[in-house]
Each structure stands twice: as structure tokens, then as C-alpha cells.
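Taking it in order: structure first as C-alpha cells, then the write-up.
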Amino acid sequence: MPELPDVEAFRRVLAEHTGDPITGVRVRDPGVLRDVGPRRLDRALRGHRFGTPRRHGKRLLAPAEGPVLTFHFGMTGSLSWHSHDDEPHPHDRVVLSLEDGELRYRDMRKLQGIRLMENEAEAEESLSDLGPDATEIPRGDFDALLARRRGRLKTVLTDQSALAGLGNLLADEICWHARVNPLRPARDLDDDERAALYRAMRRVLRESVKAGRVPPRRSWLTGVRDRPDGTCPRHDVPLSRERMSGRTTVWCPRCQPR
DNA sequence: TTGCATGTTCCGGA
DNA sequence: GTCCGGAACATGCA
């Protein structure tokens with residue numbers, strides 16, 4: 001699930017539970033730990049308190065009075081709050097216990113996972129492979145980014161090193177809102193189209209962040225894209241789809257012509 | 001059994 | 001250097 005809005009929702013979960021000491025870390029499946037083992041993780045966090053968490057793109061950083069825990073959710077990761085006696089889910093991989101409850105990192109496929117940074121500087125450095133966050137990029141930088149790339153628009157929007165936070169669903173949703181075909185070469189877009197894309201990005205992100213996910217409304221592409229008989233919410237036209245490098249791209253052939 | 005899934009990385013080839 | 005596609009990672013579901 002996780003794209004920028006989902007990770008933002010996980011950030012809120014974490015933000016509600018800062019300030020209480022971490023009483024212990026239970027690793028139920030070390031397969032989600034990257035470059036750190038269960039013992040070192042527990043030693044680094046036990047007795048510490050989480051400070052204000054922050055998000056960049058799809059990454060979540062949780063400072064803990066020195067060390068910084070970083071979450072990268074892959075396709076199936078999540079972070080949720082539970083009471084101690086809540087039955088664990090089979091995909092709960094790491095449990096961070098606090099006094100009045102616990103945070104659970106759940107992840108079915110374990111494609112990415114949790115890292116431990118020694119300090120703020122290292123945490124900051126770990127973000128250096130990412131472009132500007134999609135909620136913060138200025139219009140001018142967005143324009144320049146599109147103008148300089150000859151690859152497909154969809155590829156640019158989902159390139160985390162160029163623009164951080166957009167995934168498969170969001171990129172298609174934004175292109176649909178802007179009425180621009182995602183397979184067009186990015187640098188071929190004219191000013192109006194770039195403006196429409198930027199506006200669509202802001203609007204889609206604002207509403208998705210509010211919902212904590214890309215909302216599957218019937219009036220949005222996301223609400224209909226997975227139906228076998230899916231038609232464009234604006235027209236009664238069957239949606240077009242194409243697989244590109246293992247992901248399905250969906251668009252409306254009428255409002256987003258090639 | 002096969003194909004697909006909202007992420008990312010690595011590799012080869014154009 | 002840029003761009004693309006394919007395979008891989010690990011797991012479940014239709």
C-alpha cells in the first residue's frame with residue numbers, strides 16, 4: 001500500500017506516541033531488519049523516547065534521543081498502535097513496546113524494512129538518494145524536472161531520486177486528473193500541461209494525505225482502475241492499460257490521448 | 001497453476 | 001550519461 005499519503009498516516013501514528021520510554025523491542029522476524037540485528041536494535045532503543053517523527057517521500061524517520069529509526073515500507077509495510085494484549089498478526093515483524101501500548105511494524109512481503117541510524121547526520125545522509133518531497137517541490141523545479149527528461153512522464157513522476165513520494169497509483173491518478181497521458185515523453189509537455197500536472201499533484205496529494213491513503217472514490221481513477229469493466233469516471237469509455245516494467249499503468253483514452 | 005500486487009535494486013542492452 | 005525492460009526480492013490471493 002504505502003505511497004506518500006500512507007506513510008504520512010504512519011507518521012501520525014508515531015507522532016501520537018512520542019515522549020514515553022521504549023520498554024523493549026521484540027523482533028518476531030529479523031527478515032525486515034537491514035544492517036542491524038535484534039540485539040543492537042533493542043540496546044539502541046530501550047529506555048529512549050521517540051521525538052517528533054518526520055517523513056521524506058515514502059521514508060519515515062523516528063528520532064529516539066540519539067539514534068534514528070528509519071522505516072521503508074515497501075509494498076506491504078505498515079505501522080499501527082495496539083494494546084499489549086491485542087492478538088499479534090502473523091505479519092507483525094517488529095514490535096516496539098511503550099508503557100501503555102505498542103507500535104507494530106507489519107509487513108507481509110518484507111521487500112524493504114527497518115534501519116537504525118547512529119545519529120541525525122547519518123539519518124540525513126540516508127535521504128540523499130531521494131529527490132525533493134512531492135508535497136514540497138516548487139512549481140519551477142517541477143517544470144525544470146519535466147523539461148529535462150526525455151523518458152516517459154510516468155517514469156519521471158515515480159523516480160524517487162527525482163521526486164520523492166509518488167508511486168504507481170498516485171502517478172496514474174495525477175495524470176488522469178491533469179488529463180495528460182502518462183506515456184508521453186516528459187519534455188514534450190507544454191506549459192499548460194505542466195501547470196495542470198502540478199495542480200493535479202497538489203490536489204491529489206492534499207486529499208490523499210487527508211485520507212491517509214489514495215482514496216478509492218468512484219469519481220477518481222483509483223476507485224475504478226481495478227475493476228475488470230472499469231470505465232473512466234468522466235466518460236463511459238473503457239480504461240486503457242499497459243504494463244511497464246512490472247507495473248500496470250492505467251489511463252483514459254479519451255481524456256488522456258497519446 | 002498462473003498472473004498479479006500501491007516498492008526498489010541490479011543488470012544488460014540500445 | 002540516458003533510457004528501457006526484465007528479473008529478483010518474499011508472500012498471498014483470485
Side-chain angles (χ1 to χ4, degrees), chain A residues 1-11 27-35 55-60 70-80 89-94 105-115 126-131 133-135 144-177 182-188 201 204-205 207-209 211-217 220-230 239 241-251:
Chain A
M1 358 140 72
E3 298 184 62
L4 186 157
D6 310 86
V7 178
E8 182 59 23
F10 303 147
R11 190 194 62 75
V27 176
R28 307 178 81 239
D29 184 342
V32 296
L33 298 186
R34 313 281 148 170
D35 310 323
R55 179 195 58 72
H56 188 96
K58 303 173 189 172
R59 311 257 180 98
L60 179 60
T70 78
F71 297 86
H72 194 170
F73 296 90
M75 297 237 273
T76 52
S78 67
L79 191 66
S80 49
H89 186 279
H91 299 144
D92 286 340
R93 311 298 189 183
V94 174
Y105 178 72
R106 186 172 297 179
D107 194 346
M108 180 176 79
R109 288 170 68 186
K110 302 184 280 185
L111 290 171
Q112 303 295 326
I114 294 175
R115 296 184 135 85
S126 75
L127 299 176
S128 64
D129 57 333
L130 298 178
D133 189 84
T135 59
L145 170 63
L146 296 184
R148 96 173 88 94
R149 305 261 302 225
R150 26 184 177 134
R152 314 218 246 209
L153 172 61
K154 167 84 175 267
T155 305
V156 180
L157 293 178
T158 55
D159 178 351
Q160 302 302 301
S161 70
L163 182 63
L166 308 185
N168 198 46
L169 282 191
L170 275 173
D172 286 358
E173 188 67 50
I174 289 164
C175 290
W176 180 80
H177 277 259
L183 305 183
R184 303 247 318 266
R187 69 176 177 187
D188 287 2
M201 179 172 74
V204 168
L205 283 175
E207 309 232 352
S208 300
V209 164
R213 62 192 293 204
V214 189
R217 303 175 184 157
W220 281 27
L221 181 65
T222 301
V224 300
R225 61 177 291 153
D226 291 331
R227 303 182 185 194
D229 56 340
L239 294 168
R241 52 191 79 229
E242 179 174 308
R243 283 184 72 75
M244 37 186 298
S245 44
R247 289 288 95 83
T248 302
T249 294
V250 180
W251 71 93

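Because the structure is a prediction, the values reported are computed rather than measured. What you see below is based on every heavy atom in this structure, not just the backbone, and it leaves out hydrogens, waters and symmetry mates. Just so it is clear: chains get the letters A, B, ... in the order the sequence lines come, proteins before strands, and each one is counted from 1.
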Atom-pair distance (CZ on A:R34; C1' on B:dG7), nearest Å: 12 Å
Please report the distance, rounded to the nearest Å, between CG in A:D29 and P in C:dA10. 11 Å
Separation of the P atoms in B:dT2 and C:dA7, to the nearest angstrom: 15 Å
Is a donor from one side chain sitting under 3.5 angstrom from an acceptor on the other, for A:S161 and A:D129? no
Quick one: A:D159 CG to C:dT2 P, roughly how many Å, whole number? 11 Å
Check whether any side-chain nitrogen or oxygen of A:Q160 sits under 4.0 Å from OP1 or OP2 of B:dG7, and answer yes or no. no
Rounded to whole angstrom units, what separation is found between the CG atom of A:D107 and the C1' atom of C:dT11? 10 Å
Look at A:H72 and B:dG7 and indicate whether a side-chain polar atom (N or O) is within less than 4.0 Å of OP1 or OP2. no
Closest to the A:R150 side chain, choosing from C:dT11, C:dT2, C:dC9: C:dT2
Does A:T248 make a side-chain N or O approach to OP1 or OP2 of B:dA5 shorter than 4.0 Å? yes
For B:dG7, does OP1 or OP2 lie under 4.0 Å from any side-chain N or O of A:K58? yes
C:dG12 P sits how many Å from A:R106 CZ, rounded? 13 Å
So what does A:R149 touch, heavy atoms closer than 4.0 Å: a base, only the sugar-phosphate, or nothing? sugar-phosphate
Can you check whether A:R225's main-chain N or O pairs, donor with acceptor, with A:R241's side chain at less than 3.5 Å? yes
Any N or O donor-acceptor pair under 3.5 Å from the base of B:dG7 to the side chain of A:R247? yes
Is the A:F10 to A:F71 ring centre distance short of 6.0 Å? no
Strictly distance-based, threshold 3.5 Å: is any side-chain N or O of A:E3 a donor or acceptor partner for the main-chain N or O of A:V214? no
Integer-rounded Å distance: B:dG7 P and A:D129 CG: 16 Å
With a 3.5 angstrom cut-off on both distances, give the Watson-Crick or G-U wobble partner of C:dC13, or none if there isn't one. B:dG3
Can you tell me the distance, in whole Å, between the CG atom of A:D172 and the P atom of B:dG7? 10 Å
Quick check: on DNA chain C, is the nucleotide nearest A:K110 upstream (toward 5') of the one nearest A:T155, or the reverse? Name the residue that is more 5'. A:T155
Hey, which sits more toward the 5' end of DNA chain B by its nearest nucleotide, A:Q112 or A:M108? A:M108
Which pair of non-hydrogen atoms, one from A:L153 and one from A:C175, has the smallest distance, and what is that distance? CD2-SG, 3.7 Å
Any A:R152 side-chain N or O less than 4.0 Å from OP1/OP2 of C:dG5: yes
What is the nucleic acid contact for A:T222, judged by heavy atoms within less than 4.0 Å: base, sugar-phosphate only, or nothing? nothing
Roughly how many Å is it from CE in A:M75 to P in C:dT11, rounded to a whole number? 14 Å
Could you tell me how far B:dG3 sits from C:dG6 if I compare only their P atoms? Round to whole Å. 14 Å
Is A:R28 atom CZ crowded by more than 12 heavy atoms from other residues, nucleotides or ligands, each under 6.0 Å away? yes
N/O (side chain, A:H91) to phosphate O (OP1/OP2, C:dG12) under 4.0 Å: yes
Would you say B:dA5 has OP1 or OP2 under 4.0 Å from some side-chain N or O of A:R243? yes
